[in-house]
Structures are given as structure tokens and as C-alpha cells.
Amino acid sequence: VQLQAYGGGLVQAGDSLRLSCSVSGGTFSNYNMGWFRQAPGKERGLVASINWSGSWSGITTYYADSVKGRFTTSRDNAKNTVNLQMNSLKPEDTAVYYCAVRNRGSSGYDYWGQGTLVTVSS
């Protein structure tokens with residue numbers, strides 16, 4: 001399984017940015033997807049996740065408190081892609097953002113992308 005995250009860049013506080021992650025290998029619809037970020041000097045942490053039970057009615061999402069109401073994750077099973085829409089960006093959102101795959105039944109994330117840098121200037 002390979003993941004490619006893209007869409008990062010330099011923006012100003014209050015701007016929006018959309019990250020995407022394309023996944024190849026395996027069966028995308030079987031994967032639960034997560035977005036993590038790591039700021040300089042800090043540990044990597046989960047920002048958002050989107051799980052898939054096999055039908056759109058069973059989809060669930062999670063957001064860290066720090067991004068709740070500003071970030072939205074979505075997935076396109078036809079394109080093997082997961083997205084992270086980031087609105088009202090703050091300087092503290094500056095980090096390298098990673099997408100990751102968690103197989104159903106797995107206790108952790110099994111595959112990781114290379115990361116894309118988001119820099120928010122004040």
C-alpha cells in the first residue's frame with residue numbers, strides 16, 4: 001500500500017487549504033483513514049480520521065478538539081482518495097501533515113504517506 005499526500009503550502013492565518021491523499025494498493029474501501037500532524041519539536045498526533053463500515057450510512061469521523069469545526073475530512077472511494085479541508089487556519093496549525101491507513105481490525109495505523117508541509121503565517 002502506498003500513500004501520497006499533497007496540497008500543503010504557505011498560507012496566511014484565516015485562509016483555507018485542502019489536503020488530499022491518494023492511496024494505491026489493496027482495497028481502499030476496506031481502509032480506515034487518518035490524518036496526523038507533527039509540528040517542530042512536538043510529537044505526531046491524530047488530527048482527523050474517517051472510518052468506513054461498508055456503506056455511506058455507516059461512515060464515522062473523528063476530529064481533535066483543536067481542529068473541530070474548522071477541519072473536515074472526506075473520502076472518495078471511487079478515486080481512492082481522502083481529503084482534509086482546513087478552514088480558518090491558525091499559526092498553530094503549522095506542521096507536516098501525514099495521511100495513514102488503518103486496516104479494519106488493526107489496533108494502529110499500518111501504512112503512512114510521506115507528509116506534506118503546511119505553514120500558516122500570522
Side-chain angles (χ1 to χ4, degrees):
V1 178
Q2 292 186 325
L3 297 85
Q4 179 75 40
Y6 53 95
L10 172 63
V11 297
Q12 293 187 334
D15 286 350
S16 297
L17 204 58
R18 182 179 178 89
L19 305 183
S20 296
C21 175
S22 60
V23 181
S24 59
T27 303
F28 181 76
S29 59
N30 286 342
Y31 299 147
N32 296 320
M33 300 298 302
W35 285 98
F36 291 76
R37 69 185 181 187
Q38 186 169 21
K42 296 188 177 181
E43 292 187 355
R44 186 164 57 187
L46 180 65
V47 173
S49 66
I50 182 164
N51 297 334
W52 174 254
S53 68
S55 68
W56 291 108
S57 63
I59 198 167
T60 58
T61 55
Y62 160 85
Y63 298 96
D65 287 343
S66 58
V67 306
K68 203 170 291 184
R70 300 188 297 122
F71 290 12
T72 303
T73 187
S74 61
R75 64 189 295 157
D76 186 336
N77 284 355
K79 296 182 179 180
N80 290 3
T81 299
V82 61
N83 304 302
L84 184 67
Q85 178 66 41
M86 306 185 295
N87 298 331
S88 302
L89 283 162
K90 304 175 181 180
E92 51 263 43
D93 294 319
T94 295
V96 177
Y97 285 73
Y98 300 88
C99 57
V101 162
R102 182 166 62 88
N103 287 306
R104 290 188 196 176
S106 177
S107 60
Y109 284 82
D110 303 291
Y111 302 98
W112 295 81
Q114 86 290 356
T116 185
L117 176 63
V118 173
T119 304
V120 185
S121 63
S122 57

**OP:** Enter the distance from R102:CZ to N30:CG here, rounded to the nearest 0.5 Å.
**Re:**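 Answer rounded to 0.5 Å: 13.0 Å.
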
Subject >> Pairwise distance CD(Q12) to OG(S122) - rounded to 0.5 angstrom >> reply: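 Atom-to-atom, Q12:CD and S122:OG are 9.0 Å apart.
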
Original post:
Y6: which other cluster members, linking ILVMFWY side chains closer than 4.5 Å, directly or transitively?
Top reply: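 Taking Ile, Leu, Val, Met, Phe, Trp and Tyr as members, Y6 stands alone, with no cluster partners.
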
Original post:
What's in the same ILVMFWY side-chain cluster as Y98, cut-off under 4.5 Å, chained through other members?
Top reply: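 Once heavy-atom contacts under 4.5 Å are chained together, Y98 belongs with F36, L46, Y62, V96, Y109, W112, L117.
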
Of all the heavy-atom pairs spanning [X] and [Y], show the shortest one and how long it is.
X	Y	answer
N51	M33	OD1-N, 4.5 Å
T116	G7	OG1-N, 4.1 Å
R70	S88	NH1-O, 2.9 Å
G8	L19	N-CD2, 3.5 Å
S16	Q85	CB-NE2, 3.9 Å
I50	R75	O-NH1, 3.6 Å

Compile the donor-acceptor pairs under 3.5 Å between side chains in residues 20-28 and protein atoms, sequence neighbours left out, one pair per line.
| residue | atom | partner | partner atom | Å |
| --- | --- | --- | --- | --- |
| S20 | OG | N83 | OD1 | 2.8 |

**OP:** Return each pair, listed once, that meets salt bridge (Lys or Arg N to Asp or Glu O under 4.0 Å) where at least one residue sits in residues 29-48; pairs must be two or more places apart or across chains.
**Re:**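 Applying salt bridge (Lys or Arg N to Asp or Glu O under 4.0 Å) to every pair that reaches into residues 29-48, excluding sequence neighbours, yields R37-D93.
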
**OP:** Please list all pairs passing the disulfide bond (SG atoms under 2.5 Å apart) test where one or both residues lie in residues 59-89, with sequence neighbours left out.
**Re:**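 Disulfide bond (SG atoms under 2.5 Å apart) check on residues 59-89 returns no pairs.
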
Original post:
If you count the non-hydrogen atoms of other residues, nucleotides and ligands that lie under 6.0 Å from CD in E92, is the total more than 12?
Top reply: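 It does: E92 CD has more than 12 such atoms within range.
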
Original post:
Can you find a heavy atom in the side chain of V82 that is under 4.5 Å from one in the side chain of Y31?
Top reply: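 In short, these two side chains do not touch, never coming nearer than 4.5 Å.
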
**OP:** Could you tell me whether the side chain of Q38 and the main chain of A95 form a donor-acceptor pair under 3.5 Å?
**Re:**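 Pair absent, no side-chain N/O of Q38 close to backbone of A95.
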
Original post:
Just by distance, do the side chain of T72 and the backbone of L84 share a donor-acceptor pair under 3.5 Å?
Top reply: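 Flag not set: sc T72 to bb L84 has no pair under 3.5 Å.
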
Original post:
What residues, two or more places apart in sequence or in another chain, satisfy side-chain hydrogen bond (donor to acceptor under 3.5 Å, both in side chains) together with N103?
Top reply: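 Listed in chain order: D110.
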
Original post:
Are L10 and Y97 joined in one hydrophobic group, where the rule is that I, L, V, M, F, W and Y side chains link up if heavy atoms are under 4.5 Å apart?
Top reply: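 No.
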
